[in-house]
Novice: 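Mind having a look at this structure? Questions to follow.
Both counts, for ligands and for their atoms, begin at 1 and track the order of listing.
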Amino acid sequence: MTDIVFHGGPVFTGTGDPLHGQAVVIRDGRIVAIVPEAEIATVAGADVERVDLHGALLSPGFQDAHIHAVGGGVELLQCNLSEAGSADEAVALVRAYAQAHPDEEWILGGGWSMDHFPGGAPVRTLLDEAAPGRPVLLQSRDHHSTWASSVAIQRAGVDASTADPADGRIERESDGYPAGTFHEGAGDLFDGIRPKTDAELAYRGLLRAQDELIPLGITGWQDAMVGHGTAGLADPLPAYERALAEGTLQVHVTGAQWWVRSGGIEQVEHMVAERERIAGLQPAGRLDVGTTKIMVDGVAENQTAAMLTPYRDGHGHDTHNHGLSFIDPAKLREYVTALDAAGMQVHMHALGDRAVREGLDALEAARATNGVTDGRHHLAHLQVIAEEDVPRFAELDAVANLQALWATHEDQLDELTIPFLQEGLVERQYPFGDLVRAGARLAAGSDWPVSSAAPLDAIHIAVNRAYPGSAQGPLGGAHQCLDLATALAAYTSGTAWVNHRDHDTGSIREGYLADLVVISPDPFGLPASELHTAQVEQTWIGGHRVHDRSTTASAPAAPDMSRES
Ligand SMILES: [Zn+2]
(Lines give C-alpha, C1' and ligand atoms only; values in the text may rest on other atoms or scores of the structure.)
Protein backbone atom coordinates (compact mmCIF):
# COMPACT_ATOMS: atom_id res chain seq x y z
CA MET A 1 0.00 0.00 0.00
CA THR A 2 1.36 3.39 -0.99
CA ASP A 3 1.98 5.87 1.80
CA ILE A 4 1.07 9.48 1.06
CA VAL A 5 3.25 12.24 2.45
CA PHE A 6 2.19 15.90 2.53
CA HIS A 7 5.14 18.23 2.87
CA GLY A 8 6.32 21.70 1.91
CA GLY A 9 3.62 23.77 3.61
CA PRO A 10 2.20 24.77 6.98
CA VAL A 11 -0.18 22.40 8.79
CA PHE A 12 -3.24 23.65 10.67
CA THR A 13 -4.00 20.81 13.07
CA GLY A 14 -7.54 21.90 14.02
CA THR A 15 -6.73 24.54 16.65
CA GLY A 16 -4.11 27.20 17.26
CA ASP A 17 -1.23 28.34 15.08
CA PRO A 18 -0.13 26.17 12.16
CA LEU A 19 2.91 23.92 12.39
CA HIS A 20 5.87 24.61 10.11
CA GLY A 21 8.49 22.24 8.71
CA GLN A 22 6.34 19.19 9.45
CA ALA A 23 5.22 16.40 7.14
CA VAL A 24 1.99 14.46 7.47
CA VAL A 25 2.10 10.77 6.61
CA ILE A 26 -1.04 8.90 5.50
CA ARG A 27 -1.44 5.12 5.42
CA ASP A 28 -4.60 3.12 4.73
CA GLY A 29 -6.71 6.26 4.85
CA ARG A 30 -5.47 7.47 8.18
CA ILE A 31 -2.88 9.89 9.48
CA VAL A 32 -0.07 7.76 10.91
CA ALA A 33 2.59 10.34 11.68
CA ILE A 34 3.37 14.05 11.86
CA VAL A 35 7.14 14.41 11.75
CA PRO A 36 9.83 16.94 10.86
CA GLU A 37 10.32 16.87 7.10
CA ALA A 38 13.88 15.59 7.53
CA GLU A 39 12.52 12.44 9.18
CA ILE A 40 10.02 11.41 6.51
CA ALA A 41 12.16 8.42 5.53
CA THR A 42 12.05 7.04 9.07
CA VAL A 43 8.27 6.67 9.12
CA ALA A 44 7.09 6.37 5.51
CA GLY A 45 7.18 3.06 3.69
CA ALA A 46 9.28 2.38 0.63
CA ASP A 47 6.37 3.10 -1.68
CA VAL A 48 5.59 6.80 -1.18
CA GLU A 49 3.43 9.31 -3.01
CA ARG A 50 4.70 12.77 -2.16
CA VAL A 51 2.28 15.70 -2.24
CA ASP A 52 4.28 18.93 -2.31
CA LEU A 53 2.12 21.68 -0.85
CA HIS A 54 4.29 24.43 -2.40
CA GLY A 55 3.57 26.62 0.60
CA ALA A 56 -0.18 25.96 0.65
CA LEU A 57 -1.91 25.20 3.97
CA LEU A 58 -2.90 21.66 4.91
CA SER A 59 -6.00 21.67 7.13
CA PRO A 60 -8.51 19.12 8.38
CA GLY A 61 -11.49 18.91 6.02
CA PHE A 62 -14.27 21.37 6.73
CA GLN A 63 -17.43 20.19 8.44
CA ASP A 64 -20.65 22.14 8.03
CA ALA A 65 -22.68 22.21 11.25
CA HIS A 66 -25.97 23.32 9.65
CA ILE A 67 -26.78 22.54 6.04
CA HIS A 68 -29.69 21.34 3.91
CA ALA A 69 -27.60 19.38 1.46
CA VAL A 70 -30.27 17.33 -0.30
CA GLY A 71 -32.57 20.31 -0.90
CA GLY A 72 -29.62 22.35 -2.09
CA GLY A 73 -28.60 19.66 -4.54
CA VAL A 74 -32.16 19.29 -5.83
CA GLU A 75 -32.26 23.02 -6.50
CA LEU A 76 -29.12 22.76 -8.61
CA LEU A 77 -30.76 19.98 -10.67
CA GLN A 78 -33.90 22.02 -11.23
CA CYS A 79 -34.29 25.37 -12.96
CA ASN A 80 -31.27 27.10 -11.44
CA LEU A 81 -31.09 30.88 -11.80
CA SER A 82 -28.19 31.48 -9.45
CA GLU A 83 -25.80 32.26 -12.31
CA ALA A 84 -28.05 34.95 -13.82
CA GLY A 85 -26.57 38.45 -13.68
CA SER A 86 -29.73 40.31 -14.67
CA ALA A 87 -33.50 39.94 -15.02
CA ASP A 88 -33.10 39.23 -18.74
CA GLU A 89 -30.62 36.45 -18.04
CA ALA A 90 -32.91 34.94 -15.41
CA VAL A 91 -35.83 34.90 -17.85
CA ALA A 92 -33.62 33.42 -20.58
CA LEU A 93 -32.60 30.62 -18.20
CA VAL A 94 -36.26 29.85 -17.46
CA ARG A 95 -37.03 29.77 -21.19
CA ALA A 96 -34.08 27.49 -21.91
CA TYR A 97 -35.03 25.16 -19.05
CA ALA A 98 -38.66 25.00 -20.22
CA GLN A 99 -37.58 24.11 -23.76
CA ALA A 100 -35.07 21.52 -22.56
CA HIS A 101 -37.63 19.83 -20.28
CA PRO A 102 -40.87 19.71 -22.29
CA ASP A 103 -42.07 16.63 -20.35
CA GLU A 104 -41.80 18.18 -16.90
CA GLU A 105 -45.20 19.60 -16.13
CA TRP A 106 -43.93 21.88 -13.37
CA ILE A 107 -40.92 24.13 -13.57
CA LEU A 108 -39.43 24.34 -10.10
CA GLY A 109 -36.19 25.76 -8.85
CA GLY A 110 -34.79 29.05 -7.72
CA GLY A 111 -31.81 31.29 -7.30
CA TRP A 112 -33.17 34.58 -8.67
CA SER A 113 -31.89 37.76 -7.10
CA MET A 114 -34.21 40.46 -5.76
CA ASP A 115 -31.94 43.28 -6.87
CA HIS A 116 -32.38 42.30 -10.54
CA PHE A 117 -36.08 43.20 -10.47
CA PRO A 118 -37.90 46.51 -9.81
CA GLY A 119 -38.91 46.63 -6.17
CA GLY A 120 -37.34 43.22 -5.64
CA ALA A 121 -40.46 41.67 -7.15
CA PRO A 122 -40.41 39.85 -10.50
CA VAL A 123 -43.80 39.59 -12.25
CA ARG A 124 -45.78 36.55 -13.40
CA THR A 125 -46.01 37.72 -17.04
CA LEU A 126 -42.25 37.21 -17.49
CA LEU A 127 -42.72 33.55 -16.59
CA ASP A 128 -45.85 33.23 -18.72
CA GLU A 129 -43.83 34.35 -21.76
CA ALA A 130 -40.80 32.19 -20.95
CA ALA A 131 -42.82 29.03 -20.22
CA PRO A 132 -46.24 29.47 -21.82
CA GLY A 133 -49.10 27.66 -20.13
CA ARG A 134 -46.94 25.97 -17.50
CA PRO A 135 -46.96 26.21 -13.71
CA VAL A 136 -43.70 27.74 -12.49
CA LEU A 137 -42.51 28.28 -8.91
CA LEU A 138 -39.04 29.70 -8.33
CA GLN A 139 -37.47 30.53 -4.97
CA SER A 140 -35.42 33.67 -4.52
CA ARG A 141 -31.72 33.26 -3.76
CA ASP A 142 -32.33 33.90 -0.05
CA HIS A 143 -35.41 31.62 0.05
CA HIS A 144 -37.59 34.38 1.44
CA SER A 145 -39.71 34.94 -1.69
CA THR A 146 -41.42 32.84 -4.36
CA TRP A 147 -41.90 33.86 -8.02
CA ALA A 148 -44.96 32.22 -9.59
CA SER A 149 -46.45 32.03 -13.07
CA SER A 150 -50.11 32.75 -13.79
CA VAL A 151 -50.94 29.05 -14.10
CA ALA A 152 -49.40 28.31 -10.69
CA ILE A 153 -51.36 31.19 -9.15
CA GLN A 154 -54.61 29.93 -10.70
CA ARG A 155 -54.02 26.37 -9.54
CA ALA A 156 -53.37 27.57 -5.99
CA GLY A 157 -56.77 29.29 -6.09
CA VAL A 158 -55.17 32.61 -5.22
CA ASP A 159 -56.67 35.82 -6.59
CA ALA A 160 -57.43 39.43 -5.71
CA SER A 161 -59.69 38.31 -2.87
CA THR A 162 -56.90 36.33 -1.14
CA ALA A 163 -55.72 38.14 1.98
CA ASP A 164 -52.03 38.38 2.91
CA PRO A 165 -51.20 35.73 5.51
CA ALA A 166 -50.02 36.92 8.93
CA ASP A 167 -46.42 35.96 8.15
CA GLY A 168 -46.17 37.10 4.55
CA ARG A 169 -47.14 39.48 1.77
CA ILE A 170 -48.47 39.11 -1.79
CA GLU A 171 -47.22 41.63 -4.36
CA ARG A 172 -50.30 42.88 -6.23
CA GLU A 173 -51.31 44.56 -9.47
CA SER A 174 -53.45 47.72 -9.37
CA ASP A 175 -56.66 45.67 -9.17
CA GLY A 176 -55.32 43.55 -6.31
CA TYR A 177 -54.56 40.45 -8.40
CA PRO A 178 -51.25 38.76 -7.46
CA ALA A 179 -48.39 40.23 -9.50
CA GLY A 180 -46.18 37.15 -9.24
CA THR A 181 -44.00 37.55 -6.12
CA PHE A 182 -45.00 36.05 -2.79
CA HIS A 183 -42.90 37.04 0.22
CA GLU A 184 -42.18 34.86 3.24
CA GLY A 185 -45.20 32.85 4.42
CA ALA A 186 -47.24 33.88 1.36
CA GLY A 187 -45.17 31.32 -0.54
CA ASP A 188 -46.88 28.63 1.54
CA LEU A 189 -50.08 29.32 -0.45
CA PHE A 190 -48.59 26.91 -3.01
CA ASP A 191 -47.89 24.09 -0.54
CA GLY A 192 -51.03 22.19 -1.49
CA ILE A 193 -50.26 22.07 -5.22
CA ARG A 194 -46.46 22.10 -5.35
CA PRO A 195 -45.31 18.62 -6.37
CA LYS A 196 -43.18 16.97 -3.69
CA THR A 197 -39.62 15.99 -4.40
CA ASP A 198 -39.67 12.27 -5.18
CA ALA A 199 -37.18 9.81 -3.77
CA GLU A 200 -35.18 9.49 -6.98
CA LEU A 201 -34.77 13.25 -7.32
CA ALA A 202 -33.78 13.54 -3.66
CA TYR A 203 -31.10 10.90 -4.17
CA ARG A 204 -29.75 12.60 -7.28
CA GLY A 205 -29.86 15.86 -5.32
CA LEU A 206 -27.64 14.36 -2.62
CA LEU A 207 -25.07 13.25 -5.19
CA ARG A 208 -25.21 16.67 -6.84
CA ALA A 209 -24.72 18.28 -3.43
CA GLN A 210 -21.58 16.22 -2.84
CA ASP A 211 -20.26 17.34 -6.24
CA GLU A 212 -20.86 20.92 -5.16
CA LEU A 213 -19.63 20.71 -1.56
CA ILE A 214 -16.56 18.48 -1.74
CA PRO A 215 -14.70 20.95 -4.01
CA LEU A 216 -15.35 23.57 -1.31
CA GLY A 217 -13.37 21.37 1.09
CA ILE A 218 -16.37 19.96 2.95
CA THR A 219 -15.86 16.38 4.11
CA GLY A 220 -18.71 16.03 6.60
CA TRP A 221 -21.81 17.85 7.73
CA GLN A 222 -24.84 18.02 9.96
CA ASP A 223 -28.04 18.00 7.90
CA ALA A 224 -30.31 20.38 9.79
CA MET A 225 -33.57 18.68 8.79
CA VAL A 226 -34.23 14.99 8.24
CA GLY A 227 -37.21 12.85 9.10
CA HIS A 228 -40.94 13.17 8.89
CA GLY A 229 -42.99 16.32 8.88
CA THR A 230 -40.72 18.54 6.84
CA ALA A 231 -43.21 20.76 5.02
CA GLY A 232 -43.27 20.49 1.24
CA LEU A 233 -39.97 18.63 1.08
CA ALA A 234 -39.11 15.00 0.72
CA ASP A 235 -37.46 13.49 3.78
CA PRO A 236 -33.73 13.48 2.91
CA LEU A 237 -33.04 10.46 5.12
CA PRO A 238 -33.91 7.77 2.53
CA ALA A 239 -31.51 9.45 0.10
CA TYR A 240 -28.71 9.21 2.66
CA GLU A 241 -29.57 5.58 3.41
CA ARG A 242 -29.54 4.69 -0.28
CA ALA A 243 -26.20 6.45 -0.79
CA LEU A 244 -24.80 4.55 2.19
CA ALA A 245 -26.03 1.24 0.81
CA GLU A 246 -24.78 1.94 -2.72
CA GLY A 247 -21.38 3.17 -1.59
CA THR A 248 -21.91 6.66 -2.97
CA LEU A 249 -21.95 8.55 0.35
CA GLN A 250 -18.49 10.08 0.32
CA VAL A 251 -18.84 12.38 3.32
CA HIS A 252 -19.90 11.58 6.87
CA VAL A 253 -23.29 12.92 7.86
CA THR A 254 -25.14 13.60 11.09
CA GLY A 255 -28.85 14.08 10.45
CA ALA A 256 -30.93 16.23 12.78
CA GLN A 257 -34.40 14.72 13.06
CA TRP A 258 -37.13 17.32 12.66
CA TRP A 259 -39.21 18.03 15.75
CA VAL A 260 -42.83 18.46 14.67
CA ARG A 261 -44.10 21.49 16.56
CA SER A 262 -47.68 20.31 16.58
CA GLY A 263 -46.57 17.02 18.16
CA GLY A 264 -45.44 16.29 21.70
CA ILE A 265 -43.04 14.32 23.82
CA GLU A 266 -44.01 11.02 22.19
CA GLN A 267 -41.59 11.98 19.39
CA VAL A 268 -38.61 11.23 21.62
CA GLU A 269 -39.18 7.48 21.51
CA HIS A 270 -39.51 7.45 17.72
CA MET A 271 -36.33 9.49 17.34
CA VAL A 272 -34.34 7.15 19.54
CA ALA A 273 -35.64 4.18 17.52
CA GLU A 274 -34.55 5.86 14.28
CA ARG A 275 -31.13 6.58 15.79
CA GLU A 276 -30.69 2.92 16.69
CA ARG A 277 -31.94 1.70 13.31
CA ILE A 278 -29.51 3.94 11.40
CA ALA A 279 -26.66 3.04 13.77
CA GLY A 280 -27.09 -0.58 12.64
CA LEU A 281 -26.43 0.19 8.96
CA GLN A 282 -23.15 -0.52 7.22
CA PRO A 283 -20.63 0.88 6.62
CA ALA A 284 -20.59 2.10 10.22
CA GLY A 285 -19.54 5.62 11.11
CA ARG A 286 -20.80 7.31 7.97
CA LEU A 287 -24.40 8.19 8.89
CA ASP A 288 -25.91 9.04 12.26
CA VAL A 289 -29.25 10.58 13.26
CA GLY A 290 -28.73 11.05 16.99
CA THR A 291 -29.74 14.70 16.81
CA THR A 292 -33.09 16.49 17.08
CA LYS A 293 -33.73 19.80 15.32
CA ILE A 294 -36.04 22.17 17.17
CA MET A 295 -37.16 25.51 15.74
CA VAL A 296 -37.35 27.82 18.75
CA ASP A 297 -38.33 30.89 16.72
CA GLY A 298 -38.54 32.37 13.19
CA VAL A 299 -36.37 34.97 11.44
CA ALA A 300 -35.77 38.66 12.04
CA GLU A 301 -36.50 39.82 8.45
CA ASN A 302 -40.19 39.09 8.85
CA GLN A 303 -40.21 39.84 12.58
CA THR A 304 -40.85 36.28 13.71
CA ALA A 305 -37.52 35.97 15.57
CA ALA A 306 -38.37 35.91 19.30
CA MET A 307 -37.09 39.11 20.92
CA LEU A 308 -36.86 40.30 24.54
CA THR A 309 -37.84 43.80 23.39
CA PRO A 310 -40.60 44.77 20.92
CA TYR A 311 -40.00 45.31 17.22
CA ARG A 312 -40.37 48.89 16.01
CA ASP A 313 -42.54 50.02 13.11
CA GLY A 314 -41.33 51.92 10.04
CA HIS A 315 -41.43 55.19 12.01
CA GLY A 316 -39.30 53.93 14.88
CA HIS A 317 -42.20 53.45 17.29
CA ASP A 318 -42.55 50.35 19.45
CA THR A 319 -45.08 47.77 18.29
CA HIS A 320 -46.64 45.04 20.40
CA ASN A 321 -44.77 42.36 18.43
CA HIS A 322 -41.97 40.50 20.23
CA GLY A 323 -41.78 37.76 17.57
CA LEU A 324 -42.79 34.16 17.99
CA SER A 325 -41.78 31.36 20.32
CA PHE A 326 -42.74 28.40 18.15
CA ILE A 327 -42.77 26.17 21.23
CA ASP A 328 -44.08 27.22 24.64
CA PRO A 329 -40.94 27.71 26.83
CA ALA A 330 -42.21 25.30 29.52
CA LYS A 331 -42.79 22.64 26.87
CA LEU A 332 -39.37 23.34 25.38
CA ARG A 333 -37.74 22.68 28.77
CA GLU A 334 -39.71 19.43 29.07
CA TYR A 335 -38.79 18.24 25.55
CA VAL A 336 -35.12 19.16 25.79
CA THR A 337 -34.83 17.47 29.19
CA ALA A 338 -36.38 14.29 27.79
CA LEU A 339 -34.20 14.32 24.66
CA ASP A 340 -31.07 14.90 26.73
CA ALA A 341 -32.00 12.03 29.04
CA ALA A 342 -32.51 9.79 26.00
CA GLY A 343 -29.02 10.57 24.72
CA MET A 344 -30.22 12.69 21.81
CA GLN A 345 -28.35 15.84 20.86
CA VAL A 346 -30.56 18.94 20.52
CA HIS A 347 -29.88 21.34 17.64
CA MET A 348 -31.93 24.48 18.19
CA HIS A 349 -32.72 27.15 15.63
CA ALA A 350 -32.54 30.34 17.74
CA LEU A 351 -32.19 33.79 16.18
CA GLY A 352 -33.69 36.32 18.56
CA ASP A 353 -32.38 37.08 22.06
CA ARG A 354 -35.53 35.65 23.66
CA ALA A 355 -35.23 32.43 21.67
CA VAL A 356 -31.59 32.11 22.71
CA ARG A 357 -32.58 32.59 26.34
CA GLU A 358 -35.41 30.05 26.08
CA GLY A 359 -33.01 27.55 24.50
CA LEU A 360 -30.41 28.07 27.23
CA ASP A 361 -33.13 27.85 29.89
CA ALA A 362 -34.14 24.49 28.44
CA LEU A 363 -30.53 23.24 28.58
CA GLU A 364 -30.29 24.47 32.18
CA ALA A 365 -33.46 22.58 33.07
CA ALA A 366 -32.08 19.44 31.41
CA ARG A 367 -28.87 19.71 33.41
CA ALA A 368 -30.75 20.24 36.67
CA THR A 369 -32.67 17.01 36.05
CA ASN A 370 -30.13 14.83 34.24
CA GLY A 371 -26.79 16.15 35.46
CA VAL A 372 -23.94 16.65 33.00
CA THR A 373 -24.40 14.56 29.85
CA ASP A 374 -22.43 14.27 26.60
CA GLY A 375 -25.26 15.74 24.53
CA ARG A 376 -23.14 18.46 22.89
CA HIS A 377 -26.30 20.49 22.33
CA HIS A 378 -26.02 23.48 20.05
CA LEU A 379 -27.87 26.67 19.21
CA ALA A 380 -27.68 27.79 15.58
CA HIS A 381 -27.93 31.23 13.94
CA LEU A 382 -27.69 33.35 17.14
CA GLN A 383 -28.43 36.67 15.51
CA VAL A 384 -29.00 38.54 18.78
CA ILE A 385 -27.73 37.38 22.19
CA ALA A 386 -28.35 39.38 25.38
CA GLU A 387 -25.09 40.23 27.13
CA GLU A 388 -26.07 38.38 30.30
CA ASP A 389 -26.74 35.17 28.36
CA VAL A 390 -23.31 35.01 26.69
CA PRO A 391 -21.53 33.34 29.67
CA ARG A 392 -24.25 30.70 29.89
CA PHE A 393 -22.97 28.96 26.74
CA ALA A 394 -19.79 27.88 28.50
CA GLU A 395 -21.57 27.20 31.80
CA LEU A 396 -24.05 24.86 30.11
CA ASP A 397 -21.63 23.39 27.53
CA ALA A 398 -23.90 24.77 24.80
CA VAL A 399 -22.12 25.03 21.47
CA ALA A 400 -22.56 28.25 19.47
CA ASN A 401 -23.26 27.13 15.89
CA LEU A 402 -22.29 30.15 13.77
CA GLN A 403 -23.44 31.05 10.26
CA ALA A 404 -20.60 33.51 9.93
CA LEU A 405 -21.46 34.59 6.39
CA TRP A 406 -24.41 36.54 7.85
CA ALA A 407 -22.28 38.60 10.26
CA THR A 408 -21.78 41.59 7.98
CA HIS A 409 -23.58 44.74 6.98
CA GLU A 410 -25.57 44.01 3.81
CA ASP A 411 -28.90 45.21 2.44
CA GLN A 412 -31.04 42.51 3.99
CA LEU A 413 -29.69 43.22 7.47
CA ASP A 414 -29.45 46.99 7.14
CA GLU A 415 -32.84 47.56 5.47
CA LEU A 416 -35.06 44.70 6.62
CA THR A 417 -33.80 44.04 10.16
CA ILE A 418 -31.80 46.75 11.94
CA PRO A 419 -34.37 49.59 11.56
CA PHE A 420 -37.05 47.39 13.17
CA LEU A 421 -35.00 46.35 16.20
CA GLN A 422 -34.51 48.48 19.30
CA GLU A 423 -31.73 51.06 19.36
CA GLY A 424 -28.44 49.47 20.37
CA LEU A 425 -29.19 45.98 19.10
CA VAL A 426 -26.91 46.44 16.09
CA GLU A 427 -24.09 45.98 18.61
CA ARG A 428 -25.60 42.65 19.70
CA GLN A 429 -25.73 41.11 16.19
CA TYR A 430 -23.82 37.83 15.94
CA PRO A 431 -21.55 38.59 18.95
CA PHE A 432 -18.86 36.04 18.09
CA GLY A 433 -16.05 37.84 19.91
CA ASP A 434 -18.10 37.99 23.11
CA LEU A 435 -18.77 34.24 22.89
CA VAL A 436 -15.06 33.44 22.50
CA ARG A 437 -14.05 35.68 25.41
CA ALA A 438 -16.70 33.94 27.54
CA GLY A 439 -15.20 30.54 26.73
CA ALA A 440 -17.99 29.25 24.47
CA ARG A 441 -17.25 26.34 22.19
CA LEU A 442 -17.85 27.22 18.52
CA ALA A 443 -19.03 25.26 15.49
CA ALA A 444 -19.73 26.68 12.04
CA GLY A 445 -22.05 26.03 9.14
CA SER A 446 -23.63 27.64 6.12
CA ASP A 447 -27.38 26.93 6.06
CA TRP A 448 -26.82 26.23 2.32
CA PRO A 449 -28.77 26.65 0.05
CA VAL A 450 -30.09 29.65 2.00
CA SER A 451 -26.59 31.09 1.68
CA SER A 452 -23.28 30.11 0.07
CA ALA A 453 -21.78 26.88 1.36
CA ALA A 454 -18.15 27.96 0.86
CA PRO A 455 -16.39 27.78 4.23
CA LEU A 456 -13.62 30.11 3.09
CA ASP A 457 -16.18 32.82 2.25
CA ALA A 458 -17.69 32.48 5.71
CA ILE A 459 -14.26 32.52 7.33
CA HIS A 460 -13.45 35.78 5.53
CA ILE A 461 -16.54 37.35 7.11
CA ALA A 462 -15.93 35.78 10.53
CA VAL A 463 -12.53 37.49 10.59
CA ASN A 464 -13.51 40.81 8.95
CA ARG A 465 -17.25 41.11 9.71
CA ALA A 466 -17.51 42.88 6.36
CA TYR A 467 -17.71 41.39 2.89
CA PRO A 468 -14.77 41.80 0.51
CA GLY A 469 -14.50 45.38 -0.71
CA SER A 470 -17.23 46.66 1.61
CA ALA A 471 -16.92 50.31 2.58
CA GLN A 472 -18.54 49.63 5.95
CA GLY A 473 -16.69 48.76 9.12
CA PRO A 474 -16.97 45.49 11.01
CA LEU A 475 -20.54 44.68 12.06
CA GLY A 476 -20.95 45.43 15.77
CA GLY A 477 -17.33 46.57 16.15
CA ALA A 478 -13.89 45.05 15.68
CA HIS A 479 -14.08 43.30 19.07
CA GLN A 480 -16.61 40.86 17.56
CA CYS A 481 -14.17 39.65 14.86
CA LEU A 482 -12.70 36.17 15.21
CA ASP A 483 -9.04 35.50 14.56
CA LEU A 484 -8.32 33.20 11.63
CA ALA A 485 -7.29 30.18 13.71
CA THR A 486 -10.49 30.41 15.77
CA ALA A 487 -12.65 30.66 12.65
CA LEU A 488 -10.88 27.69 11.01
CA ALA A 489 -11.18 25.70 14.24
CA ALA A 490 -14.94 26.30 14.35
CA TYR A 491 -15.26 24.85 10.83
CA THR A 492 -13.03 21.83 11.57
CA SER A 493 -12.49 20.57 15.11
CA GLY A 494 -15.46 22.58 16.44
CA THR A 495 -18.02 21.02 14.13
CA ALA A 496 -16.38 17.60 14.55
CA TRP A 497 -17.13 17.95 18.25
CA VAL A 498 -20.78 18.77 17.59
CA ASN A 499 -21.00 15.84 15.20
CA HIS A 500 -19.52 13.51 17.85
CA ARG A 501 -16.71 12.85 15.37
CA ASP A 502 -13.88 14.51 17.28
CA HIS A 503 -12.30 11.12 17.99
CA ASP A 504 -11.38 10.58 14.33
CA THR A 505 -12.07 13.74 12.28
CA GLY A 506 -11.69 17.52 12.46
CA SER A 507 -8.03 17.45 13.48
CA ILE A 508 -4.72 16.44 11.99
CA ARG A 509 -3.56 13.94 14.57
CA GLU A 510 -2.13 10.45 14.55
CA GLY A 511 -4.85 7.87 14.06
CA TYR A 512 -7.36 10.31 12.59
CA LEU A 513 -8.97 9.83 9.18
CA ALA A 514 -7.14 11.55 6.35
CA ASP A 515 -10.01 13.94 5.60
CA LEU A 516 -7.99 16.95 4.50
CA VAL A 517 -8.01 20.14 2.47
CA VAL A 518 -5.19 21.99 0.76
CA ILE A 519 -5.78 25.77 0.80
CA SER A 520 -3.80 28.16 -1.40
CA PRO A 521 -2.48 30.70 -0.83
CA ASP A 522 -1.90 29.92 2.83
CA PRO A 523 -4.54 32.11 4.53
CA PHE A 524 -2.24 32.66 7.52
CA GLY A 525 0.08 34.51 5.14
CA LEU A 526 -2.64 36.83 3.84
CA PRO A 527 -3.84 40.15 5.24
CA ALA A 528 -7.31 39.72 6.76
CA SER A 529 -8.94 41.75 3.98
CA GLU A 530 -7.58 39.28 1.38
CA LEU A 531 -8.71 36.03 3.01
CA HIS A 532 -11.41 35.60 0.36
CA THR A 533 -8.69 35.06 -2.24
CA ALA A 534 -7.66 31.75 -0.64
CA GLN A 535 -9.06 28.72 -2.49
CA VAL A 536 -9.46 25.04 -1.83
CA GLU A 537 -6.95 23.34 -4.14
CA GLN A 538 -7.54 19.74 -3.09
CA THR A 539 -9.96 17.79 -0.94
CA TRP A 540 -9.05 14.37 0.48
CA ILE A 541 -11.45 11.96 2.15
CA GLY A 542 -10.16 8.85 3.88
CA GLY A 543 -6.81 9.22 2.14
CA HIS A 544 -8.33 9.56 -1.34
CA ARG A 545 -7.97 12.70 -3.39
CA VAL A 546 -11.62 13.45 -4.19
CA HIS A 547 -11.08 16.92 -5.62
CA ASP A 548 -8.16 18.57 -7.36
CA ARG A 549 -8.76 22.03 -8.73
CA SER A 550 -5.91 21.70 -11.20
CA THR A 551 -7.55 18.73 -12.93
CA THR A 552 -11.29 18.77 -12.22
CA ALA A 553 -12.22 21.06 -15.08
CA SER A 554 -11.68 18.22 -17.53
CA ALA A 555 -11.72 15.03 -15.47
CA PRO A 556 -13.69 14.80 -12.22
CA ALA A 557 -12.08 12.60 -9.62
CA ALA A 558 -13.57 9.11 -9.39
CA PRO A 559 -12.76 8.09 -5.84
CA ASP A 560 -12.70 4.60 -4.47
CA MET A 561 -15.54 4.45 -1.93
CA SER A 562 -14.19 1.52 0.02
CA ARG A 563 -13.09 3.52 3.03
CA GLU A 564 -13.54 1.74 6.33
CA SER A 565 -14.12 3.88 9.37
ZN1 LIG B 1 -31.40 25.84 8.21
Novice: Counting backbone and side chain alike, does His349 bring an N/O/S atom below 2.8 Å of the Zn ion (ligand 1)?
Specialist: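 Here the distance criterion (N, O or S atom, under 2.8 Å) is not met by His349, so no.
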Novice: Could you list all the ring pair (Phe, Tyr, Trp, His ring centres under 6.0 Å) pairs where at least one residue sits in residues 347-366, not counting sequence neighbours?
Specialist: His66-His347, His347-His378, His349-His381
Novice: I'd like to know: is the Zn ion (ligand 1) within the 2.8 Å range of an N/O/S atom from His66, strictly under that distance?
Specialist: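 Looking at His66, which is the residue asked about, there is an N, O or S atom under 2.8 Å from the Zn ion (ligand 1).
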Novice: Salt bridge between Arg376 and Asp502, side-chain N to carboxylate O under 4.0 Å?
Specialist: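 Yes, charged N to carboxylate O under 4.0 Å.
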Novice: Any Lys/Arg nitrogen of Arg242 or Glu200 sitting under 4.0 Å from an Asp/Glu carboxylate oxygen of the other?
Specialist: yes
Novice: Quick one: the OD1 of Asp447, the Zn ion (ligand 1), NE2 of His68 angle, rounded to 10°, please.
Specialist: 90°
Novice: How would you list, by chain and number, every residue that makes a side chain to side chain contact (heavy atoms under 4.5 Å, CB included) with Asp457, sequence neighbours excluded?
Specialist: Leu405, Ser452, Ala454
